[in-house]
Every structure is written in structure tokens, then in C-alpha cells.
Amino acid sequence: MKQNNFKIAVFAGDGVGPEIMKEALKILKLIANKKNINLQLAEGLVGGSAYDHFGVPLPDSSLELALQSDAIMLGAVGGPKWEALDYSLRPERALLGLREKLGLFANLRPVVAFDELLDASPLKKNVVHGIDLMIVRELTGDVYFGKPRGVTKGKDGKRTGVNTMVYSEDEISRIAVRAFEIARTRKKNLLSVDKANVLESTELWRNVVTEVGRNYPDVTLKHMYVDNCAMQLIRNPAQFDVIVTTNLFGDILSDEAAMLTGSIGMLPSASLGENTALYEPIHGSAPDIAGLNIANPLATILSVALMLRYSLSMPQEASLIEKAVADTLKEGFRTQDIHQQDKKLIGTEKMGDAVAKNLCKLLN
Ligand code: NAD
């Protein structure tokens with residue numbers, strides 16, 4: 001029987017976090033009401049607001065809440081108020097702590113070019129048109145965690161810096177399985193990105209992804225070197241469906257891909273583990289516009305769609321949210337960050353209302 005009871009941890013965070021989360025929850029509650037889903041929304045503190053209250057950015061109570069939830073919604077953390085703190089106490093440490101403790105090993109970043117926003121891209125309209133890609137980045141391995149690491153001083157007094165690029169077979173097959181499964185729900189094209197011509201750890205990456213691919217004969221698997229992929233993302237980004245890659249390459253390629261559409265306030269993300277997942281917009285806490293009711297809530301609303309698709313087994317409802325966002329843009333509604341001449345400038349709350357209204361029409 002399909003599950004219809006879910007516990008969702010809600011961490012609004014700092015800066016614009018509470019404003020954009022309010023609109024995202026509006027959409028989530030609407031779906032729950034219309035589809036008779038029993039949602040338990042449990043709010044907790046992370047980031048700077050948690051530091052102010054508990055003296056740490058990720059209190060045990062919040063971690064416990066995250067561990068007990070089916071999924072986690074996060075706004076954003078950080079801001080100038082906490083910048084002078086020791087690194088271990090900075091708001092951003094909460095994100096690293098959650099990733100580590102929840103074992104969030106797969107980071108998903110969809111990039112979709114909405115027809116109405118093609119002008120926002122730094123690239124030509126005809127290049128951006130039709131972009132609908134998903135980057136699946138491995139998140140817990142590679143050179144960021146490999147040992148040995150550090151800076152040492154030799155007898156001659158000169159320093160040497162070292163980091164280790166390392167991947168085990170199991171780490172690679174785990175992310176490959178996720179990527180193939182995701183490709184299966186899309187256009188069934190998976191591109192694995194590596195540097196197998198010069199780096200042995202990514203030669204293993206290529207071999208293991210190929211081996212996993214034998215279980216997915218319905219998905220077309222191709223390989224590409226990372227330098228070529230960086231170029232192709234600018235030359236012809238619409239050619240891609242799903243891209244799976246290592247932590248380091250994914251870090252760089254996903255930021256490059258994010259810029260293709262030119263609007264940071266539009267891009268959602270998901271970080272998946274074995275037992276739970278975290279959903280958040282890719283942007284930060286935007287302290288420069290916090291409290292002004294002008295932040296774009298669409299990235300967070302689109303993160304709700306990802307949560308429905310990847311954690312709550314509600315792919316149709318996820319697509320309806322995405323369609324409601326597209327319809328709202330078609331009607332000409334814009335927050336300040338994506339505003340163009342002749343469009344209707346509205347604030348955070350009104351944008352949430354406009355999407356909710358369109359979603360209601362689609363759900364009826
Ligand atoms: P940022 O993403 O917060 O803001 C960059 C620029 O984009 C700003 O001009 C901001 O106003 C604008 N912007 C961001 N989101 C927007 C939205 N939804 N609508 C309209 N405009 C938006 O990046 P930053 O300024 O480098 O960082 C601010 C704080 O956020 C820092 O403390 C940083 O460490 C933190 N941060 C947190 C996360 C996270 O929580 N996942 C990610 C990145 C940065």
C-alpha cells in the first residue's frame with residue numbers, strides 16, 4: 001500500500017530562509033490537503049539561528065529530528081552576523097554536519113531553462129533553449145576526504161601541499177545505481193564524466209559505472225572527459241539529460257551548469273542518502289535582501305517538487321508543481337531578481353500565492 005504518512009523536518013535557517021520556506025510550505029500543505037497526505041511538519045533550528053539559541057550551528061535536537069524524518073527541507077544558513085565565529089561554529093558547518101551524519105552521498109541539481117526566462121542567461125537564447133539536465137554529483141568521497149592531506153614542511157624549509165583523490169568500488173557503484181535509476185525516470189541517457197585518461201581513480205570510476213550499466217540495458221550510457229564536458233555545457237547544453245560525476249568535478253560542473261539559466265533564485269537541489277534526503281535551494285541566505293519580502297521563493301518551491309519525486313513517491317504531483325511554476329512565469333509574474341520590462345513585479349509572498357493558485361487549478 002502506498003505510504004501516506006510522512007514526517008518532514010523543516011529548517012528555515014537564516015536570512016531569507018524563513019520567507020522562502022513559508023511559501024514552499026504553502027505549496028506542500030496544498031498538495032497534502034488535496035491528496036489526503038498526512039504530513040507532520042516538525043520545525044527545528046540550524047545555522048546562525050541555532051547558534052544564537054544553543055551556541056552551536058547544529059544542535060543535537062535538530063540532528064535527531066533530521067534522523068527521524070522521511071525528508072528534510074532547508075532554507076539557507078549564514079550571514080555577516082556570524083562571520084567572525086570560529087569555523088567550527090559557523091552556520092555553514094550545520095550543512096556539512098547534516099551531510100555527514102545523514103550520509104547524503106548523492107547531490108542532485110536539475111537545471112531547466114524556462115522559456116520565459118531565456119533572456120536571463122548569459123548565453124544566447126538559441127543555445128539555452130531546451131535545457132533540461134540533471135547533474136548527479138557524488139558528495140562524500142574524492143579529494144575532499146581522501147588521506148593523506150595537508151601541508152608539510154621539508155628539511156629545506158619549503159612547504160608541500162597534498163590531497164588524495166580516492167574512490168572505492170562501492171562508493172562508485174552506489175552513486176552509479178542512483179544515477180541510472182534517475183535516468184530511467186527521464187530520457188534514459190546517462191553521461192558519466194571522468195578524467196580516465198590521466199587519473200587512475202577515475203579510470204576505476206569509468207569501469208565501475210560501465211559494470212553497473214549492464215543492469216540497466218534500457219539506459220544509454222556514454223562517457224566524457226571533464227574538460228570536454230565543461231566545454232560542451234557552454235557549447236550545447238541542451239544535449240545533456242543526466243550527468244553523473246565525482247565530487248570535485250561535480251562541484252565545478254554543477255556551478256557552471258547553474259549559471260546557464262542565469263537565475264540563482266530558480267534552482268533547487270536534493271542531497272540523497274540511503275535512508276533520508278535533504279532538499280534546499282542552491283542559493284545562500286541572501287542577507288542583503290532578507291526581511292524585505294522580495295526574495296524569489298521558486299527555487300525552494302521547486303525543491304518541494306524534488307522532495308515529492310525522490311522521497312515521497314509522488315512524481316505526478318512533483319510535475320504539477322513544476323508546471324504551476326512555469327504557468328506563473330507565463331502569466332508574467334516576476335520577483336525582482338528575474339524581472340524584465342513589461343512583466344508584473346511581485347514580492348515573495350505574492351509569488352507563493354500565484355503558484356498556489358495555478359497549482360490549485362491543476363489539482364482540481
Ligand atoms: P547568496 O546566494 O546568499 O546571494 C548571492 C546573491 O544572489 C545576492 O545578491 C542575493 O541577494 C541574491 N539571491 C540569492 N538568493 C536569492 C533569491 N532567492 N531571490 C533573489 N535573490 C537572491 O550568496 P552569498 O551572498 O555569497 O552568501 C550569503 C550567505 O549565505 C553567506 O553566509 C554564505 O556562507 C551563505 N550560503 C549558504 C548556503 C546554504 O545555506 N546552502 C549556500 C551558499 C551560501
Side-chain angles (χ1 to χ4, degrees), residues 9-25 27 44-52 57-58 62 66 72-100 102 104 107-109 114 117 120 122 137 139 250-252 254-255 258-259 261-271 277-304 306 325 328-329 333-340 343 345-352 354-355:
V10 178
F11 299 131
D14 310 316
V16 296
E19 297 163 64
I20 53 177
M21 185 60 77
K22 189 167 156 236
E23 301 316 309
L25 294 183
I27 300 300
L45 294 178
V46 297
S49 53
Y51 174 80
D52 288 348
L58 181 59
S62 296
I72 300 138
M73 282 293 306
L74 193 136
V77 296
K81 185 177 171 194
W82 304 283
E83 264 164 21
L85 289 174
D86 183 77
Y87 268 103
S88 63
L89 296 174
R90 297 247 182 111
E92 293 78 6
R93 292 298 307 178
L95 298 177
L96 299 178
L98 283 170
R99 273 185 203 169
E100 187 196 328
L102 302 175
L104 305 177
N107 184 232
L108 274 51
R109 278 211 197 168
F114 289 94
L117 299 181
R137 165 190 170 193
L139 205 56
D251 192 357
I252 299 163
S254 62
D255 269 18
M259 270 317 292
T261 59
S263 43
I264 197 170
M266 295 295 302
L267 296 170
S269 79
S271 300
L278 183 147
Y279 299 87
E280 59 178 331
I282 72 153
H283 61 74
S285 60
D288 50 333
I289 57 168
L292 302 179
N293 189 35
I294 58 173
N296 186 345
L298 295 179
T300 320
I301 289 174
L302 291 167
S303 301
V304 171
L306 292 185
V325 168
T328 305
L329 294 172
F333 292 116
R334 301 284 189 274
T335 42
Q336 199 183 50
D337 56 312
I338 50 173
H339 188 231
Q340 300 149 300
K343 300 295 178 197
L345 180 63
I346 54 173
T348 311
E349 199 172 347
K350 288 247 162 68
M351 183 57 100
V355 176

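In listed order, ligands and their atoms are each counted from 1. Residue numbers start at 1 and run along the sequence shown.
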For atom 8 (C) of ligand 1, which protein heavy atom lies nearest, and how many Å away is it? Asp288 OD2, 3.5 Å
Answer yes or no: is there a donor N or O on one side and an acceptor on the other, between the side chain of Ser62 and the main chain of Leu45, under 3.5 Å? yes
Which atoms from ligand 1 have a heavy atom of Gly78 less than 4.0 Å away? 32 (O)
Salt-bridge criterion met for Lys22 and Glu349 (N-O under 4.0 Å): yes
Which part of Pro297 is near ligand 1, with near meaning a heavy atom under 4.0 Å away: side chain, backbone, both or neither? neither
Any donor-acceptor pair under 3.5 Å linking the side chain of Gln336 with the backbone of Ala295? no
State whether the side chain of Asn107 and the backbone N or O of Ala270 hold a donor-acceptor pair below 3.5 Å, judged by distance alone. yes
Hey, is the main chain of Glu280 close enough, under 3.5 Å, to the side chain of Ser269 for a donor-acceptor pair? yes
Considering His283, Lys81, Glu19, Met351, which one's heavy-atom position lies nearest to atom 15 (N) of ligand 1? His283
Among protein heavy atoms, which lies nearest atom 29 (C) of ligand 1, and at what distance? Ser285 OG, 3.3 Å
Logged contact type for Gln336 with ligand 1, heavy-atom cut-off 4.0 Å, is neither
Side-chain (Ser254) to main-chain (Gly250) donor-acceptor, under 3.5 angstrom: yes
Protein non-hydrogen atom below 4.0 angstrom of atom 26 (O) of ligand 1 present: no
To check you understand the geometry: which heavy-atom pair defines the closest contact between Arg90 and Leu85, and what is its length? NE-O, 2.9 Å
Asp14 with Lys81: basic N within carboxylate O range, under 4.0 Å: no
Run the salt bridge (Lys or Arg N to Asp or Glu O under 4.0 Å) test on Asp255 and Arg137 for me, step by step, so that the C-alpha distance in whole Å, both residues' side-chain angles and the decisive distance to 0.1 Å come before the verdict. CA-CA 11 Å; Asp255 269 18; Arg137 165 190 170 193; over 6 Å; no
Would you say Gly284 has any N or O atom under 3.5 Å from an N or O of ligand 1, going by distance alone? yes
Heteroatom distance test (Gly79, ligand 1): nitrogen or oxygen, under 3.5 angstrom: yes
Does ligand 1 have an atom under 4.0 Å from some heavy atom of Ala299? no
Within ligand 1, which atoms have a heavy atom of Ala76 less than 4.0 Å away? 40 (O)
Locate the shortest heavy-atom distance separating Ala299 from Pro281; write the atom from each residue and the value. CB-CB, 3.6 Å
Enumerate the atoms of ligand 1 whose separation from the nearest heavy atom of Glu280 is less than 4.0 angstrom. 41 (N)
Please write down residue, atom name and distance for the protein heavy atom closest to atom 31 (C) of ligand 1. Glu92 OE2, 3.8 Å
Closest protein heavy atom (residue, atom, distance) for atom 19 (N) of ligand 1: Asn296 N, 2.9 Å
Would you call Asp86-Arg93 a salt bridge at under 4.0 Å N-O? no
Write out the residue and atom name of the closest protein heavy atom to atom 28 (C) of ligand 1, then the distance separating them to 0.1 Å. Pro287 CD, 3.5 Å
At under 4.0 Å between heavy atoms, which part of Ile264 makes contact with ligand 1: side chain, backbone, both or neither? side chain
What atoms in ligand 1 come closer than 4.0 Å to a heavy atom of Ala295? 19 (N)
N/O of Val77 under 3.5 Å from N/O of ligand 1, yes or no? yes
Non-hydrogen atoms of Val16 versus ligand 1: any pair closer than 4.0 Å? no
Which ligand 1 atoms does Leu95 reach within 4.0 Å, using its non-hydrogen atoms? 39 (C), 40 (O), 41 (N)
Return the minimal non-hydrogen interatomic distance between Met266 and Pro268, and the atom names on each side. O-CD, 3.5 Å
Any side-chain to backbone donor/acceptor pair from Arg334 onto Ile346? Under 3.5 Å, distance only. no
Provide, to 0.1 Å, the distance between atom 21 (N) of ligand 1 and the closest protein heavy atom, together with that atom's residue and name. Ile289 CD1, 3.6 Å
Of all the non-hydrogen atoms in the protein, which one sits nearest to atom 4 (O) of ligand 1, and at what distance? Ala286 CA, 4.3 Å
